[in-house]
Amino acid sequence: MLSRAPDHLGDGIRHVSAADWNACAGDDNPFVSHDFLMALEDSGSAVAETGWAPRHLIVQDARGAIVAAAPMYLKAHSFGEYVFDQAWADAFARAGGDYYPKLQAAVPFTPVAGPRLLVRPEEGEAARVSLIDTLTEIARRSEVSSLHVTFSGEAEWRSLGKAGFLRRAGIQFVWPNRGYTCFDDFLGVLSARKRKTIQRERRAARDVGTTIRCVLGDELAPRHWDEFFRFYRDTADRKWGYPYLTREFFAQIGNTMADKIVLIVAESKGVPIAMALNFIGKNALFGRYWGCSGHHPFLHFELCYYQAIEFAIAHGLGRVEAGAQGPHKLARGYLPVRTYSAHWIRHEGLRRAVAAFLTNERRAIDAEITALAKMGPYRGQGD
């Protein structure tokens, strides 16, 4: 029973113990862990100065024990979220409204699905419903236009919908491990054309004398993060992006989360030419960032997709999630899945407009997933 008023952690996550937070977050998804969220804050990546002011929510029972939590931020912009609502903000501004500030229950800069309503398992569904009520009440009392719960789990999404949140869906691509014992097992279930394409791409990625290895755990050293940060910055510059994460962020996760990280490194004559950063979940490998120097055909596919598949097979992980975007992943064994977000909007007129838009958008997403699934690389799909 949640019987004490919630606490808003305006000074950041370091003011709740890691053990208490992680008891609510669980160990399936590394991005909602205390270590990951604290690294974002300690490094200056997700702080008020960058437009991500921490407003994490914790709920305690009558004895003061933390039984539920939500990672949440007060935002003055919509950058770094990957669920795009800028059109809503523009429309509201043209009508004379102020869309910002808003509240965002999310993991900054991380378009990875996972729990957002963190509840100790023994507390059950009643605690989740109570947490949703608490979030809504905080939004009502705050001077915000809206509250957004992005990249949530499906069960959370349905619970939020029952509580009156508007529901949104998106698409990402996930590789499913169907009990393969090696990469050739996976190739064996593909259509002949797709199998030959992957084999050709893998050969081309190594034909220039490239060697590829995985660095993880105690092998990770400061020099690896120096090299990776250089690639990370270069990728942001070349794609007209913004490097949200600081060098200190990577140093901190290297110290506190090494057992959850695998860095896939491509070298030529002993010099790193590309790197891909992955996080290890309980049953998934999560691809996050990649960078490369120069032009190396198919090296992106090799490091980010094929090496990730090999690692997942070798370590008995059930899936690989390769991040946002990417219909090109379909030809490489990654299948379309829905992503979920939910939105509470204060202004009734804006709410009605967004609700109508989301109804049509969900239909379009469903149709797109159905069409994409028929184009998959597996025998009997694409050919």
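Just so you know, these numbers come straight off a predicted model, no measurement behind them.
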To the nearest 0.5 angstrom, please state how far the [atom1] atom of [X] sits from the [atom2] atom of [Y].
{"X": "Leu40", "Y": "Phe31", "atom1": "CG", "atom2": "CZ", "answer": "10.5 Å"}
{"X": "His15", "Y": "Ile58", "atom1": "NE2", "atom2": "CD1", "answer": "11.0 Å"}
{"X": "Leu277", "Y": "Leu303", "atom1": "CG", "atom2": "CG", "answer": "11.5 Å"}
{"X": "Asp35", "Y": "Trp21", "atom1": "CG", "atom2": "CH2", "answer": "12.5 Å"}
{"X": "Phe298", "Y": "Tyr306", "atom1": "CZ", "atom2": "OH", "answer": "8.5 Å"}
{"X": "Lys194", "Y": "Gln199", "atom1": "NZ", "atom2": "CD", "answer": "14.0 Å"}

Test your reading of the model: is there a side-chain donor-acceptor pair from [X] to the backbone of [Y], 3.5 Å cut-off?
{"X": "Glu219", "Y": "Leu216", "result": "yes"}
{"X": "Asn22", "Y": "Ser33", "result": "no"}
{"X": "Ser45", "Y": "Thr246", "result": "yes"}
{"X": "His56", "Y": "Met72", "result": "yes"}
{"X": "Arg195", "Y": "Leu190", "result": "yes"}
{"X": "His224", "Y": "Ala221", "result": "yes"}
{"X": "Arg351", "Y": "Arg346", "result": "no"}
{"X": "Asp90", "Y": "Ala93", "result": "no"}
{"X": "Asp218", "Y": "Ala258", "result": "no"}
{"X": "Ser130", "Y": "Ala126", "result": "no"}

Under 3.5 Å donor-acceptor pairs involving side-chain atoms of residues 155-165, not counting sequence neighbours:
| from | atom 1 | to | atom 2 | distance (Å) |
| --- | --- | --- | --- | --- |
| Glu156 | OE1 | Arg116 | N | 3.1 |
| Glu156 | OE1 | Gly153 | N | 3.0 |
| Glu156 | OE2 | Arg116 | N | 2.9 |
| Glu156 | OE2 | Leu117 | N | 2.7 |
| Trp157 | NE1 | Arg168 | O | 3.1 |
| Trp157 | NE1 | Ser341 | O | 3.0 |
| Arg158 | NE | Glu154 | OE2 | 3.3 |
| Arg158 | NH2 | Glu154 | OE2 | 2.8 |
| Ser159 | OG | Glu125 | OE2 | 3.1 |
| Ser159 | OG | Ala155 | O | 3.2 |

Shortest non-hydrogen contact from [X] to [Y]?
{"X": "Gly333", "Y": "Pro176", "value": "O-CD, 3.7 Å"}
{"X": "Val67", "Y": "Cys24", "value": "C-SG, 3.7 Å"}
{"X": "Cys214", "Y": "Ile264", "value": "SG-CG1, 4.0 Å"}
{"X": "Thr50", "Y": "Ala46", "value": "OG1-CA, 3.8 Å"}
{"X": "Arg362", "Y": "Arg167", "value": "NH1-O, 2.5 Å"}
{"X": "Trp344", "Y": "Thr136", "value": "NE1-CG2, 3.7 Å"}

Given Leu103 and Leu135, is the side-chain contact (heavy atoms from CB on, under 4.5 Å) satisfied, shown in steps? CA-CA 10 Å; Leu103 286 169; Leu135 285 169; over 6 Å; no
Should [X] and [Y] count as side-chain neighbours, where that means a heavy-atom distance under 4.5 Å?
{"X": "His296", "Y": "Ile273", "answer": "yes"}
{"X": "Pro327", "Y": "Leu330", "answer": "no"}
{"X": "Phe151", "Y": "Thr110", "answer": "no"}
{"X": "Thr339", "Y": "Tyr82", "answer": "no"}
{"X": "Arg288", "Y": "Pro111", "answer": "yes"}
{"X": "Phe84", "Y": "Ser78", "answer": "no"}
{"X": "His34", "Y": "Val16", "answer": "yes"}
{"X": "Ile13", "Y": "Pro54", "answer": "no"}

For a ring pair (Phe, Tyr, Trp, His ring centres under 6.0 Å) with Tyr334, tell me which candidate from Tyr305, Phe301, Tyr378 qualifies. Tyr305
Centroid-to-centroid, Phe231 to Phe228, below 6.0 Å?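 When the ring centroids of Phe231 and Phe228 are compared, they turn out to be at least 6.0 Å apart.
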Centres of the Tyr289 and Phe279 rings: under 6.0 Å? no
Please check if atom CZ in Arg206 has more than 12 non-hydrogen atoms from other residues, nucleotides or ligands closer than 6.0 Å. yes
Co-members of Tyr99 in a cluster of I, L, V, M, F, W and Y side chains, linked at under 4.5 Å: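 For the cluster that includes Tyr99, the remaining residues are Trp88, Phe92, Tyr100, Leu166, Ile345, Leu350, Val354, Phe357, Leu358.
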Could you walk me through whether Asp42 and Arg14 satisfy the side-chain contact (heavy atoms from CB on, under 4.5 Å) test, starting with their C-alpha distance in whole Å, then the side-chain angles of each, then the deciding distance to 0.1 Å, before giving a yes or no? CA-CA 9 Å; Asp42 285 353; Arg14 66 170 47 255; 2.8 Å; yes
Can you pull out every side-chain hydrogen bond (donor to acceptor under 3.5 Å, both in side chains) where at least one residue sits in residues 267-281? Sequence neighbours excluded, please.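 The answer is Arg213-Glu267.
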Working note: Thr256 + Met38, criterion side-chain contact (heavy atoms from CB on, under 4.5 Å); need CA distance, chi angles, decisive distance, verdict. CA-CA 10 Å; Thr256 62; Met38 192 159 76; over 6 Å; no
Using a strict 4.0 Å threshold on nitrogen-to-oxygen distance, state whether Asp85 and Lys102 make a salt bridge.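 Yes, charged N to carboxylate O under 4.0 Å.
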Working note: Ile365 + Glu361, criterion side-chain contact (heavy atoms from CB on, under 4.5 Å); need CA distance, chi angles, decisive distance, verdict. CA-CA 6 Å; Ile365 291 292; Glu361 185 187 50; 4.3 Å; yes
Please check if [X] and [Y] belong to a single hydrophobic cluster, counting links between Ile, Leu, Val, Met, Phe, Trp and Tyr side chain heavy atoms closer than 4.5 Å.
{"X": "Phe173", "Y": "Tyr340", "result": "no"}
{"X": "Ile138", "Y": "Leu147", "result": "yes"}
{"X": "Val337", "Y": "Val320", "result": "no"}
{"X": "Val107", "Y": "Val174", "result": "no"}
{"X": "Leu372", "Y": "Leu335", "result": "yes"}

Run the ring-ring contact (aromatic ring centres under 6.0 Å, His included) test against Tyr244 and tell me which residues pass, sequence neighbours left out.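 So Tyr244 forms a ring-ring contact (aromatic ring centres under 6.0 Å, His included) with Phe109, Tyr242.
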Inter- and intrachain pairs under salt bridge (charged side-chain N to carboxylate O under 4.0 Å, His left out), touching residues 329-344, at least two apart: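 Those involving residues 329-344 are Glu201-Arg332, Arg338-Asp366.
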Name each donor-acceptor pair under 3.5 Å that joins a side chain in residues 307-314 to protein atoms two or more places apart or in another chain, with its distance.
| from | atom 1 | to | atom 2 | distance (Å) |
| --- | --- | --- | --- | --- |
| Gln307 | NE2 | Glu302 | OE2 | 2.8 |
| Glu310 | OE2 | Arg202 | NH1 | 3.0 |
| Glu310 | OE2 | Arg202 | NH2 | 3.4 |

